Amino acid sequence: MKPKDQIDEWWIKALLGEAEAAHPVFGSDVDVSVEDNVITLTGQVATRDQFEELDDEARAIGRGREVVNRVIVLGADDVQHMQTVLALFGSEEQARLACQLVSSSPSRHEGPPQVVSQPSTAESRLKDLARPAGVQPRDVERVIDRVRHGKTLLIDRVPEDDAFRVISELEGTAAELVQTLPPEPESTE
Amino acid sequence: MAPLLKEEPRADVEQPEKISSFRHFVRIAGPGIISGGGDNDPAGIATYSKVGATWGFAQLWLLLLTIPLLIAVQGTAARLGSVTKLGLAELIRNEYGPVVAMSVGLLVVAANVATIGADLVAMAAVLQLLTGFKLIFFIVPLVVVMGYVTIFQNFKTIQRLFLWLIVIFLGYVVAGILAHPNWGAVLLGTVSPRIHFGPVYLAGVVAVLGTTISPYLLFWQTSGEREERRGVERMADIYLDIGSGMVMSNFIAFFIVVATGATLFQHHHSIQTAADAARALQPVAGPAATILFSVGILGSGLLAIPILSVSTGYVVAGTLGWPMGLGRQALTAPGFYSVITLALLAGVELAISGFSPIKALFYSQILDGIVMPPLLVLTMILAARTRLMGAYTSSRLERLGGWSAVAIMTLADLALLYNLVR
């Protein structure tokens, strides 16, 4: 049997809950579970290519099912810089709802985002985050100003990969503005 | 499902560390190489064919010149997406305000819809040429197929399909060879620019620049990095992807000009559309060249029209702050997918309404020509802004290439305008 056929056969068994062996390529380094039409991948691989390969396999074979890839890439080629996502809301309630949504993702490893309504807290927090991101403290004034005018700020510092997901989730909320601080060159996960 | 039994990977199956560099390349091939493919849409093929038929090989040098410019421009757009994790339309709205975002957005949407209409007619005309049935019968089925793939398939599947479509473009290389060009003249036209200041020549220059450096590709590239989730440490992969895409794009365009320059220019054939070019090739280069040319037009449309409609979705959803992305299902991004559908339907309306496809192509190129220099200026400023980009602002080469593109496109626009007014 060709390697691809063996992998496909393994995936079909895995989706049916009948796989007794480990993944033919990645062995016991990765686990797959299926619940409520959601395929969750966990474990670890050595490189980004392998991560993508596993992700491709799951999406190709699990057509129509949601794939949650929680596999960790161990290789040095996959440096993840920390990055801060900011979102402004018209009310604290809206921001808390968005916070719940962002926190509920199964692939999230960080704690929940911070919700800030006080201008002084926003100022000190943002100025702390600006420096490692290579941004001048005055450059975050625009956001602080909007908190001074009654907006609520959601601050979420996550690895870059998560930043893509967080932004995508925030787009479906009542956020009036979603933006990021640049990735932090010195902070990696 | 219970955790799987712990055991070692099987020895008879390819192991992870054996992933080859070719497979690595295939894996990183993404928005950049697809941009390159989408750059040669049927409207672009018409432009290159017309340039070849009108000027022979005299404007081939432009295709060499635009490679570094294209790489710099698309690289800057990719950098914006990779660093900020936002689309270009969102960035313009956040940084320049809703009025600027909407003004740019409207022009790009209008140009995209006009191009979709012109591309649809070009594809249907080619099917008419190949089958003998009237082109009107092909327009709706073509859109249904493209709409289905774009709306109901996920980003990875769409990307894989697009990558296969790019292979079809190799037919142009064969068509170019079948046309038996004078390779000495081809080389001369490529490396030795002969510039005329007449309106026809300048119109050709503007059309080539406008076709190769298109607004919709900037939006596609920026949002594509978001869809691909490529962070700042993957800039080398991003550049390999973009570099391959842009070189391939101009390589194919080069052979389209060579094919038409060696045949239609020599025989003084005048053409207006890509289908005209395919038809006119038959008596001078043989039926094989015509078929290859025609299949290329079909493939290019199948690739470009979804990109144009998705870019329109990125522009509108980004400007209005709607959820967007091909990674989302239609129900979670209804606005984004509605815009894609409407863009396709507007293209169909334009294609079947009797509005001349040549006029649609002309207006889309004019709109692209108007919007591209200011859009590029906004993009270049954004990518150099420390507030947004921190330590990842645009590189010197990106700035050099990007601002050169702004200067060249503006000069070409002004020269054409001056000549037309005079």
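Nothing here was measured: the structure is a model prediction, and the numbers come from that model.
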Under 4.5 Å from a heavy atom of chain A, the part of Glu90(B) involved
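Just the side chain, heavy atoms under 4.5 Å.
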
Which atoms of Thr332(B) are under 4.5 Å from chain A, going by heavy atoms: the side chain, the backbone, both sets, or neither?
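The answer is neither part of Thr332(B).
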
Would you sort out whether Glu225(B) and Phe164(A) count as a side chain to side chain contact (heavy atoms under 4.5 Å, CB included), showing the intermediate values?
CA-CA 10 Å; Glu225(B) 297 311 322; Phe164(A) 284 111; 5.7 Å; no

Donor-acceptor pair, distance only, cut-off 3.5 Å: does the side chain of Gln83(A) make one with the backbone of Val83(B)?
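Side chain of Gln83(A) to backbone of Val83(B), a donor-acceptor pair under 3.5 Å: yes, one is there.
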
Answer yes or no: is there a donor N or O on one side and an acceptor on the other, between the side chain of Asn94(B) and the main chain of Gln179(A), under 3.5 Å?
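No; judged by distance alone, with no hydrogens or angles, the pair does not exist.
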
Pair [X] + [Y]: basic N to acidic O under 4.0 Å:
X         : Y         : result
Glu176(A) : Arg93(B)  : no
Arg142(A) : Glu95(B)  : yes
Glu169(A) : Arg328(B) : no

Please walk me through it: do Glu160(A) and Lys85(B) pass salt bridge (charged side-chain N to carboxylate O under 4.0 Å, His left out)?
CA-CA 9 Å; Glu160(A) 272 188 281; Lys85(B) 277 71 179 172; 2.5 Å; yes

For the atom pair [atom1] ([X]) and [atom2] ([Y]), what is the distance rounded to the nearest 0.5 Å?
X         : Y         : atom1 : atom2 : value
Arg387(B) : Leu181(A) : CZ    : CG    : 11.0 Å
Tyr392(B) : His81(A)  : OH    : NE2   : 3.5 Å
Leu388(B) : Asp139(A) : CG    : CG    : 9.0 Å

[X] and [Y]: which non-hydrogen atoms are nearest, and at how many Å?
X         : Y         : value
Thr180(A) : Thr84(B)  : OG1-O, 2.9 Å
Gly172(A) : Pro323(B) : CA-CG, 3.8 Å
Pro185(A) : Ala391(B) : CG-CB, 3.6 Å

Between Ala163(A), Ala133(A), Pro183(A), which residue shows the highest count of heavy-atom pairs closer than 4.5 Å to chain B?
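Greatest number of close heavy-atom pairs with chain B: Pro183(A).
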
Which atoms of Arg138(A) come close to chain B, meaning under 4.5 Å heavy atom to heavy atom: side chain ones, backbone ones, both, or neither?
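Contact with chain B involves no heavy atom of Arg138(A) at all.
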
Identify which part of Ser168(A) has an atom lying under 4.5 Å from any heavy atom of chain B, answering side chain, backbone, both or neither.
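Both backbone and side chain of Ser168(A) come within 4.5 Å of chain B.
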
With a sphere of 6.0 Å drawn around CZ of Arg131(A), does it hold more than 12 non-hydrogen atoms of other residues, nucleotides or ligands?
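Check fails, neighbour count at 12 or below.
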
Glu93(A): partners by salt bridge (charged side-chain N to carboxylate O under 4.0 Å, His left out), with sequence neighbours left out:
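Testing Glu93(A) for salt bridge (charged side-chain N to carboxylate O under 4.0 Å, His left out), a comparison that skips the adjacent residues, returns none.
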
With side chain to side chain contact (heavy atoms under 4.5 Å, CB included) as the test, would you mind laying out the steps for Gln136(A) and Thr386(B) before giving the verdict?
CA-CA 8 Å; Gln136(A) 294 295 319; Thr386(B) 317; over 6 Å; no

